[in-house]
Peer 1: 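Okay, handing you the structure first.
Side chains are part of it too, since the values below use all heavy atoms of this structure and drop only hydrogens, waters and symmetry mates.
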Amino acid sequence: MISIEGLNGVSQLKKQCDLGKVLLDTMNSQKFDLKDGDILCLSSKMCSIASGNIVDLKKVEPSELAKEIHEKIPRKSPEPIQVILNQTEDATGNRIMIADNYIGGWLPTGLFLTSAGVDRQGTDKAVVLPKNCDLIAKEIGEKLIKALQV
């Protein structure tokens with residue numbers, strides 16, 4: 001039998017933190033019972049913020065290409081566009097696609113994501129995907145296994 005349960009009450013992450021501890025604290029306060037064989041799913045954005053994968057857009061210097069793309073998609077300012085280009089690891093723009101006022105990008109992993117997985121956080125920050133999801137999962141898993149004995 002498969003059942004899906006949500007962990008309620010996880011505080012909104014604003015800055016780098018110990019995500020395993022945040023999850024443990026929430027599980028304890030919610031009396032959330034994690035058992036052997038359970039699978040815990042987390043959003044990549046949550047992992048990114050906890051890992052400190054936050055870009056200060058005030059410190060981003062847009063390239064000429066980012067400015068050109070901004071002309072095509074004026075709703076996106078050049079700074080986040082530059083972060084999108086940076087995430088594709090291709091300064092030529094060959095790994096992005098613009099269609100219907102949206103921008104998407106192929107990451108070095110082969111994934112194609114809207115905005116190359118870049119999310120805004122407030123007006124002057126951008127959140128980028130974790131570089132090593134396996135390591136993050138391993139660290140959180142080890143912390144939960146040790147604390148919960150599952």
Side-chain angles (χ1 to χ4, degrees), residues 1-60 62 66 69 73 75-150:
M1 176 179 187
I2 295 175
S3 65
I4 299 173
E5 297 176 45
L7 179 59
N8 299 313
V10 178
S11 60
Q12 185 172 359
L13 304 178
K14 301 270 188 209
K15 60 183 179 178
Q16 190 169 354
C17 64
D18 182 342
L19 185 53
K21 181 178 180 336
V22 170
L23 293 171
L24 278 171
D25 290 348
T26 305
M27 286 178 191
N28 288 333
S29 72
Q30 298 290 318
K31 309 228 182 311
F32 191 88
D33 188 25
L34 200 61
K35 299 177 275 315
D36 284 335
D38 283 355
I39 298 170
L40 183 63
C41 298
L42 306 172
S43 72
S44 58
K45 187 171 186 177
M46 206 175 176
C47 294
S48 290
I49 293 169
S51 299
N53 294 346
I54 300 169
V55 177
D56 184 347
L57 293 174
K58 293 180 284 189
K59 296 180 179 178
V60 173
I69 294 169
I73 307 175
R75 67 181 183 80
K76 280 202 182 280
S77 58
E79 292 80 8
I81 293 172
Q82 184 61 53
V83 175
I84 291 167
L85 290 168
N86 295 348
Q87 291 304 296
T88 67
E89 296 182 5
D90 179 12
T92 68
N94 288 332
R95 295 181 61 92
I96 63 165
M97 182 176 75
I98 300 168
D100 299 324
N101 203 27
Y102 291 93
I103 184 170
W106 282 270
L107 300 176
T109 60
L111 287 173
F112 178 82
L113 299 169
T114 301
S115 298
V118 175
D119 287 321
R120 292 292 290 261
Q121 185 184 40
T123 57
D124 59 352
K125 304 268 190 255
V127 178
V128 298
L129 290 175
K131 294 292 182 200
N132 191 338
C133 294
D134 291 336
L135 179 61
I136 293 169
K138 183 176 187 251
E139 290 171 350
I140 292 170
E142 287 172 351
K143 184 173 286 255
L144 295 177
I145 289 167
K146 183 178 178 183
L148 301 174
Q149 299 296 303
V150 294

Peer 1: At their closest point, which heavy atom of Leu19 faces which heavy atom of Ala50, and how far apart are they?
Peer 2: CB-CB, 3.7 Å

Peer 1: Any chance you could measure Leu107, atom CG, to Thr88, atom OG1, to the nearest 0.5 Å?
Peer 2: 8.0 Å

Peer 1: Rounded to the nearest 0.5 Å, what separation is found between the CG atom of Asp124 and the NZ atom of Lys58?
Peer 2: 4.5 Å

Peer 1: When rounded to the nearest 0.5 angstrom, what is the spacing between CD1 in Ile103 and CD1 in Ile81?
Peer 2: 5.5 Å

Peer 1: Apply the test side chain to side chain contact (heavy atoms under 4.5 Å, CB included) to residues Ile136 and Leu42: give CA-CA distance (whole Å), side-chain angles for both, the deciding distance (0.1 Å), then the verdict.
Peer 2: CA-CA 11 Å; Ile136 293 169; Leu42 306 172; 6.0 Å; no

Peer 1: Over all heavy atoms of both residues, which pair between Ser115 and Lys76 is shortest? Give the atoms and the distance, please.
Peer 2: OG-NZ, 3.1 Å

Peer 1: Without swapping roles, check the side chain of Asp100 against the backbone of Tyr102 for a donor-acceptor pair under 3.5 Å.
Peer 2: no

Peer 1: Run the side chain to side chain contact (heavy atoms under 4.5 Å, CB included) check on Val10 and Val22 step by step: do they pass?
Peer 2: CA-CA 7 Å; Val10 178; Val22 170; 4.1 Å; yes

Peer 1: Before you tell me yes or no, could you show the steps for Val118 and Val55 under side chain to side chain contact (heavy atoms under 4.5 Å, CB included), namely the whole-Å CA-CA distance, both residues' side-chain angles and the distance that decides it to 0.1 Å?
Peer 2: CA-CA 10 Å; Val118 175; Val55 177; over 6 Å; no

Peer 1: Decide yes or no on side chain to side chain contact (heavy atoms under 4.5 Å, CB included) for Lys125 and Asp56, but give the supporting numbers first.
Peer 2: CA-CA 5 Å; Lys125 304 268 190 255; Asp56 184 347; 3.9 Å; yes

Peer 1: Could you tell me the separation between the OG atom of Ser51 and the CG atom of Leu129, rounded to the nearest 0.5 Å?
Peer 2: 11.0 Å

Peer 1: Let me know which of Cys47, Ser44, Pro130 forms a side chain to side chain contact (heavy atoms under 4.5 Å, CB included) with Asn53.
Peer 2: Pro130

Peer 1: Between Ile84 and Gln87, is any pair of side-chain heavy atoms under 4.5 Å apart?
Peer 2: no

Peer 1: Should we count CZ of Phe112 as having more than 12 external heavy atoms under 6.0 Å?
Peer 2: yes

Peer 1: Kindly give the heavy-atom pair with the smallest separation between Gln30 and Gly9, and that separation in Å.
Peer 2: NE2-CA, 4.3 Å

Peer 1: Among residues at least two apart in sequence or on other chains, which ones pass salt bridge (Lys or Arg N to Asp or Glu O under 4.0 Å) with Asp38?
Peer 2: none

Peer 1: Do you know which two heavy atoms are closest between Pro62 and Glu79, and how far apart they sit?
Peer 2: CG-OE2, 3.8 Å

Peer 1: Drop me the distance from Met27's CE to Phe32's CZ, to the nearest 0.5 angstrom.
Peer 2: 6.0 Å

Peer 1: Rounded to the nearest 0.5 Å, how far apart are CG of Leu24 and CG of Leu148?
Peer 2: 5.5 Å

Peer 1: Would you say the side-chain atoms of Arg95 pair up with the backbone N or O of Glu89, donor to acceptor, closer than 3.5 Å?
Peer 2: no

Peer 1: Can you pull the side-chain hydrogen bond (donor to acceptor under 3.5 Å, both in side chains) pairs that have at least one residue in residues 137-150, sequence neighbours excluded?
Peer 2: Asp18-Lys143, Lys138-Glu142

